[in-house]
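Written below as structure tokens is the structure these notes are about.
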Amino acid sequence: MKTILVTGATAGFGAAFARRFVKDGHRVIATGRRVERLEALKGELGEALHTARLDVRDKDAIAGFVPGLPPAWQRIDVLVNNAGLALGLGPAWEADLDEWDTMVATNVTGLIHMTRAILPQMVERDDGVILNLGSVAGEYPYPGGHVYGGTKAFVRQFSLNLRADLVGRNIRVTDIEPGLVGGSEFSQVRFHGDEARAQAVYKGTTPLNPDDIAEAASWLVSLPPHMNINRIEMMPTCQASSGFTIKRQG
Ligand code: NDP
Ligand code: 8X3
């Protein structure tokens, strides 16, 4: 049984991770900003779940997070850096700078501060797993992806660079890079609550769902300590990457 800390467990992948890890026999520390969602999850999953409000943009809260946990929950075996978001899909020259800042603060700064808070205890024990939620948006450009894709490219490279520092230790790091995934709040958040626009993203498709991502996470956690999966790129069969755009004259 491992103790698994999940950021952004109030919705989407994070809630699916919590449910799957508890089903797998682990204990989960579920975090996020919406406390009522955490309480509902606690009601569902019981003693195997510890909940705590945590905004990953709050550096002081992150620094004090582990010391503030009950002693029996302070050993973190697995960190899942899942909290993240995309805001907007317009062209870069029209983008809202505050939204760009929010994506960087959450997807990049929040993730590195969480990692820096938990990694020392893993190094001390020579044992641990870090799962980072990247995205195909960090691998392939698309119109309107600008800063969101940039943050996820950072997550990929940061994950690989962690491995460079950790080589020879029993600490694994994986960048999970999903493509089209329905059943979460990702598109509602991206389109500022415009439900019709969010639903249109998945129209006529069978996207991946949060349980599919949890399936991969469950497998990654179960691997033997010597086996590191550097990155996993996941797409539904209705999606593929198909390269270049050429704007022709006339
Ligand atoms: P959701 O919007 O459903 O969930 C996002 C979670 O992140 C929520 O629990 C939210 O909790 C949390 N969160 C957002 N901001 C903060 C913050 N400042 N502090 C703490 N928690 C925060 O999205 P998904 O489940 O779809 O996405 C999860 C991750 O997967 C993200 O990193 C996303 O970029 C990535 N991803 C998603 C894909 C998709 O198509 N859905 C595909 C590829 C990657 P709360 O608001 O309560 O704080
Ligand atoms: C979410 C997938 O393609 O909307 O990271 O950027 S995508």
Side-chain angles (χ1 to χ4, degrees), residues 5-20 28-41 51-59 61-62 65 80-89 99 101-111 113-114 131-156 158-159 175-193 197-198 200-202 205 207-214 216-217 231-236 238-242:
L5 170 54
V6 180
T7 64
T10 60
F13 302 1
F17 292 151
R19 292 187 179 103
R20 178 57 188 259
V28 172
I29 303 169
T31 68
R33 293 167 300 175
R34 286 170 291 179
V35 173
E36 68 287 355
R37 297 278 191 102
L38 296 175
E39 283 167 0
L41 205 54
T51 61
R53 187 185 190 281
L54 181 64
D55 182 339
V56 298
R57 292 172 305 174
D58 185 340
K59 295 173 185 173
I62 290 175
F65 186 74
V80 184
N81 278 316
N82 167 73
L85 77 174
L87 292 169
L89 195 60
E99 295 193 338
D101 286 344
T102 300
M103 287 188 276
V104 172
T106 309
N107 303 357
V108 174
T109 311
L111 184 143
H113 277 253
M114 286 303 301
L131 304 182
N132 291 328
L133 266 294
S135 168
V136 296
E139 295 284 346
Y140 311 103
Y142 61 81
H146 38 75
V147 167
Y148 177 69
T151 66
K152 294 304 186 180
F154 176 91
V155 173
R156 181 193 64 237
F158 181 60
S159 304
D175 182 30
I176 303 175
E177 303 174 6
L180 188 72
V181 190
S184 82
E185 297 177 351
F186 178 82
S187 291
Q188 285 101 313
V189 171
R190 174 170 244 172
F191 299 127
H192 314 102
R197 197 170 171 203
V201 172
Y202 312 102
T205 75
L208 297 176
N209 61 61
D211 289 340
D212 296 328
I213 315 306
R231 47 181 291 274
I232 294 188
E233 186 179 308
M234 305 172 67
M235 289 184 188
C238 65
Q239 183 180 32
S241 69
S242 63

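FYI, side chains are in, hydrogens and waters are out, and symmetry mates aren't considered; it's all heavy atoms of this structure. Order of listing sets the numbers, starting from 1, for every ligand and every atom in it. Just so we're clear, the structure is a prediction, and the values are computed from it rather than from any experiment.
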Measuring from atom CG of Leu5 to atom CG of Leu54, what distance do you get when rounded to the nearest 0.5 angstrom?
7.5 Å
Give the single entry among Thr7, Val6, Asn82 that approaches atom 31 (C) of ligand 1 most closely by any heavy atom.
Asn82
So if I count the atoms of ligand 2 from 1 in the order they appear, which ones are less than 4.0 Å from some heavy atom of Ala137?
6 (O)
In the protein, what heavy atom is nearest to atom 3 (O) of ligand 1, and what distance, to one decimal place, separates them?
Glu185 N, 2.8 Å
Closest protein heavy atom (residue, atom, distance) for atom 7 (S) of ligand 2:
Tyr142 OH, 3.6 Å
Proximal atoms of ligand 1 relative to Gly134 (non-hydrogen, under 4.0 Å):
43 (C), 44 (C)
Show me which atoms of ligand 1 lie under 4.0 Å from any heavy atom of Gly179.
40 (O), 42 (C)
Please report which non-hydrogen protein atom sits nearest to atom 34 (O) of ligand 1, along with the residue it belongs to and the distance in Å to one decimal place.
Tyr148 OH, 2.7 Å
Any nitrogen or oxygen of Gly14, main chain or side chain, under 3.5 Å from a nitrogen or oxygen of ligand 1?
no
Identify, for atom 19 (N) of ligand 1, the protein heavy atom at the shortest distance, and state residue, atom and that distance.
Val56 N, 2.9 Å
Flag Val189 as yes when one of its N or O atoms lies below 3.5 Å from any N or O atom of ligand 1, and as no otherwise.
no
Do the ring planes of Phe154 and Phe158 sit parallel (below 30°), tilted (30 to 60°) or perpendicular (above 60°)?
parallel
What's the shortest distance from atom 4 (O) of ligand 1 to any protein heavy atom, and which residue and atom give it?
Ala11 CB, 4.0 Å
In terms of atom number and element, which parts of ligand 1 are under 4.0 angstrom from non-hydrogen atoms of Ser135?
43 (C), 44 (C)
Taking the side chain as C-beta and beyond, is there a heavy-atom pair between Thr10 and Arg33 under 4.5 Å?
no
Can you tell me the protein heavy atom closest to atom 43 (C) of ligand 1 and the distance?
Pro178 O, 3.3 Å
Under 4.0 Å, heavy-atom basis, I'd like to know which part of Glu177 is in contact with ligand 1: side chain, backbone, both or neither.
neither
Arg190 heavy atoms, cut-off 4.0 Å: which ligand 2 atoms fall inside?
4 (O)
Going by an N to O cut-off under 4.0 Å, is there a salt bridge joining Lys152 and Glu177?
no
Measuring only between side-chain heavy atoms, which start at C-beta, is Arg37 closer than 4.5 Å to Leu41?
no
Heavy atoms, side chains only, cut-off 4.5 Å: are Val80 and Phe13 in contact?
no
Who's the nearest protein heavy-atom neighbour of atom 38 (C) of ligand 1, and how far?
Phe13 CZ, 3.5 Å
So Pro236 and Leu208, do their side chains get closer than 4.5 Å, heavy atoms only?
yes
Suppose I only count heavy atoms of Gly12 and a 4.0 Å limit; which atoms of ligand 1 are within that range?
3 (O), 25 (O)
Taking the side chain as every heavy atom from C-beta outward, state whether Val104 and Thr109 have any atom pair closer than 4.5 Å.
yes
Below 4.0 Å from any atom of ligand 2, is there a heavy atom belonging to Lys152?
no
Please report which non-hydrogen protein atom sits nearest to atom 18 (N) of ligand 1, along with the residue it belongs to and the distance in Å to one decimal place.
Asp55 OD1, 2.8 Å
Do any N/O atoms on Gln239 end up under 3.5 angstrom from N/O atoms on ligand 2?
no
Which residue from Ala83, Ala61, Gly182, Gly110 reaches closest to atom 13 (N) of ligand 1 through any of its heavy atoms?
Ala83
In Å and rounded to the nearest 0.5 Å, what is the OG1 to CG distance from Thr7 to Leu133?
8.0 Å
Shortest non-hydrogen separation from Gln239 to Leu180 and the atoms involved
OE1-N, 2.8 Å
Which of the atoms of ligand 1 are close to Gly84, meaning less than 4.0 Å from one of its heavy atoms?
5 (C), 7 (O), 31 (C), 32 (O)
Closer than 3.5 angstrom, by distance alone: can the side chain of Arg190 be matched with the main-chain N or O of Leu87 as a donor-acceptor pair?
no
Number the atoms of ligand 2 from 1 as they appear, then name those within less than 4.0 Å of a heavy atom of Tyr148, with their elements.
1 (C), 5 (O), 6 (O)
I'd like to check which ligand 1 atoms, numbered from 1 as shown, lie under 4.0 Å from a non-hydrogen atom of Thr10.
8 (C), 9 (O), 10 (C), 11 (O), 45 (P), 47 (O)
Distance col, row Arg19:CZ vs Asp211:CG, nearest 0.5 angstrom, shows 8.5 Å
Closer than 4.0 Å to some heavy atom of Gly179 - which atoms of ligand 2 meet that?
2 (C)
Looking only at heavy atoms, is any part of Leu54 under 4.0 Å from ligand 1, and if so is it the side chain, the backbone, or both, or is it neither?
backbone
Does ligand 1 have an atom under 4.0 Å from some heavy atom of Arg37?
no
What atoms in ligand 1 come closer than 4.0 Å to a heavy atom of Gly8?
6 (C), 7 (O), 8 (C), 9 (O), 12 (C)
Is any side-chain heavy atom of Val201 closer than 4.5 Å to a side-chain heavy atom of Phe191?
yes
In the protein, what heavy atom is nearest to atom 14 (C) of ligand 1, and what distance, to one decimal place, separates them?
Arg33 NH2, 3.4 Å
Interfacing atoms of ligand 1 (cut-off 4.0 Å, heavy-atom, Ser184):
3 (O), 23 (O), 24 (P), 25 (O), 26 (O), 41 (N)
So how far is it from Ser184 OG to Asn209 CG, rounded to the nearest 0.5 Å?
10.0 Å
Residue pair Phe65 / Thr31, side-chain heavy-atom distance below 4.5 Å
yes
Looking at Asn132 and Gly134, would you say the former's side chain and the latter's main chain have a donor-acceptor pair under 3.5 Å?
no
Just so I know, are the side chains of Asn82 and Phe17 near enough to count as touching, which here means a heavy-atom distance under 4.5 Å?
yes
